[in-house]
Chemist: 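Next up is a structure, given as structure tokens.
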Amino acid sequence: MGYDLVIFDNDGVLVDSEPLANTILAGYLTELGHPTSYEDSIRDYMGAAVHRVHDLVFERTGQRLPAGFDETLHARTFAAFERELAPVAGAVDVLGALTAHGVPYCLASSGSHERIRVGHRAAGLDGWFEEEWIFSSQDVGKGKPAPDLFLHAARSMGVDPARCVVIEDSPLGVRAALAAGMDVYGFTAMTPAERLAGATGLFGEMKELTGLLELPV
């Protein structure tokens, strides 16, 4: 394989959380007087840390979200995860192939450490990731589209950024990977291909990824 480390985004790439999370976020913002459709939420917030929600709402309205916004959003999201979160179709097969061929991998997500772990437990992915393979935007000063998170993951895993490939499904994530000097494959299951412009390659089903990574079947 042409890479020494595969870095996965989490939401929408490993766990099928984006429909749940964005439905909840759009509903909560609307409830607070900031009308937001599911499509708006996907467009504006998919792949971003929660501070982006605060920033965009303030930029657009001049109003601050309530002090307990994050806690309420997380509680509602985690409850939905516990009820119905599943892994992205084919994700377990990809992780199994990487493990079978001894290819190092890790996770670098805009979500909090708590969100990542709650999601993995609910989706049954917690056995695939050691603690030291999980990186969150909480670990760095700037989240995606800044390259900081991916660079932190590569440094922590002891791999040159140029030898890393990122698996992403959001425009912010693609931009972050490119800024980090890494190749990036864009997953188009939920994101139109044109919004992932600049990606090294694109794929629409997770089963295609083993071929892109040149892993033996």
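Position 1 is the first residue of the sequence; numbering continues from there.
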Chemist: With a 4.0 Å cut-off, would you call Arg60 and Asp44 a salt bridge?
Modeler: yes

Chemist: Let me know which of Val103, Val166, Leu95 forms a side-chain contact (heavy atoms from CB on, under 4.5 Å) with Val6.
Modeler: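 Of the listed residues Val103, Val166, Leu95, the side-chain contact (heavy atoms from CB on, under 4.5 Å) partner of Val6 is Val103.
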
Chemist: Should Arg175 and Glu168 count as an ion pair when the cut-off is N to O under 4.0 Å?
Modeler: no

Chemist: Establish, yes or no, whether the cationic atom of Arg115 lies under 6.0 Å from the six-membered ring centre of Phe78 and within 45° of the ring axis.
Modeler: no

Chemist: Between Leu125, Ile116, Val118, which is the residue that forms a side-chain contact (heavy atoms from CB on, under 4.5 Å) with Val15?
Modeler: Leu125

Chemist: Apply ring-ring contact (aromatic ring centres under 6.0 Å, His included) to Phe135 and Phe150, showing your working.
Modeler: CA-CA 9 Å; Phe135 306 98; Phe150 289 138; over 10 Å; no

Chemist: Could you tell me whether Phe203 and Tyr185 have their ring centroids closer than 6.0 angstrom?
Modeler: no

Chemist: Do any N or O atoms from the side chain of Gln138 and from the backbone of His113 form a donor-acceptor pair under 3.5 angstrom?
Modeler: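 Such a contact is found between Gln138 side chain and His113 backbone.
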
Chemist: Any link between Leu98 and Met182 through a network of hydrophobic side chains (Ile, Leu, Val, Met, Phe, Trp, Tyr) touching at under 4.5 Å?
Modeler: yes

Chemist: Measure from the side-chain N and O atoms of Glu82 to the backbone N and O of Ala79, and report whether any donor-acceptor pair falls under 3.5 Å.
Modeler: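 No; judged by distance alone, with no hydrogens or angles, the pair does not exist.
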
Chemist: Between Arg52 and Glu59, does any NZ, NE, NH1 or NH2 come within less than 4.0 Å of an OD or OE carboxylate oxygen?
Modeler: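 Answer for the salt bridge query: no.
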
Chemist: Under the side-chain hydrogen bond (donor to acceptor under 3.5 Å, both in side chains) rule, collect the residues that match up with Asp40, sequence neighbours excluded.
Modeler: Ser37, Arg43

Chemist: In terms of hydrophobic clustering (I, L, V, M, F, W, Y; side-chain heavy atoms under 4.5 Å; direct or indirect links), are Leu5 and Val184 co-clustered?
Modeler: yes

Chemist: Would you say the side-chain atoms of Ser137 pair up with the backbone N or O of Gly143, donor to acceptor, closer than 3.5 Å?
Modeler: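 Here the side-chain-to-backbone pair does not exist.
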
Chemist: Residues two or more places apart in sequence or in another chain: which of them pass side-chain hydrogen bond (donor to acceptor under 3.5 Å, both in side chains) with Asp148?
Modeler: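 With neighbours one apart ignored, the set is empty.
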
Chemist: Check whether Ser136 reaches the backbone of Gly111 with its side chain - one donor and one acceptor, N or O, closer than 3.5 Å.
Modeler: yes

Chemist: State whether the side chain of Thr191 and the backbone N or O of Asp169 hold a donor-acceptor pair below 3.5 Å, judged by distance alone.
Modeler: yes

Chemist: Return yes if some donor-acceptor pair links the side-chain N/O of Thr36 with the main-chain N/O of His34 below 3.5 Å, else return no.
Modeler: yes

Chemist: Run the numbers on Glu131 and Arg117 for salt bridge (charged side-chain N to carboxylate O under 4.0 Å, His left out), then give the verdict.
Modeler: CA-CA 10 Å; Glu131 286 293 310; Arg117 285 159 176 77; 2.6 Å; yes

Chemist: I'd like to know if the side chain of Arg163 reaches the main chain of Gly2, judged simply by a donor and an acceptor atom lying under 3.5 Å from each other, with no hydrogens or angles considered.
Modeler: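 Judged by distance alone, yes, a pair lies under 3.5 Å.
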
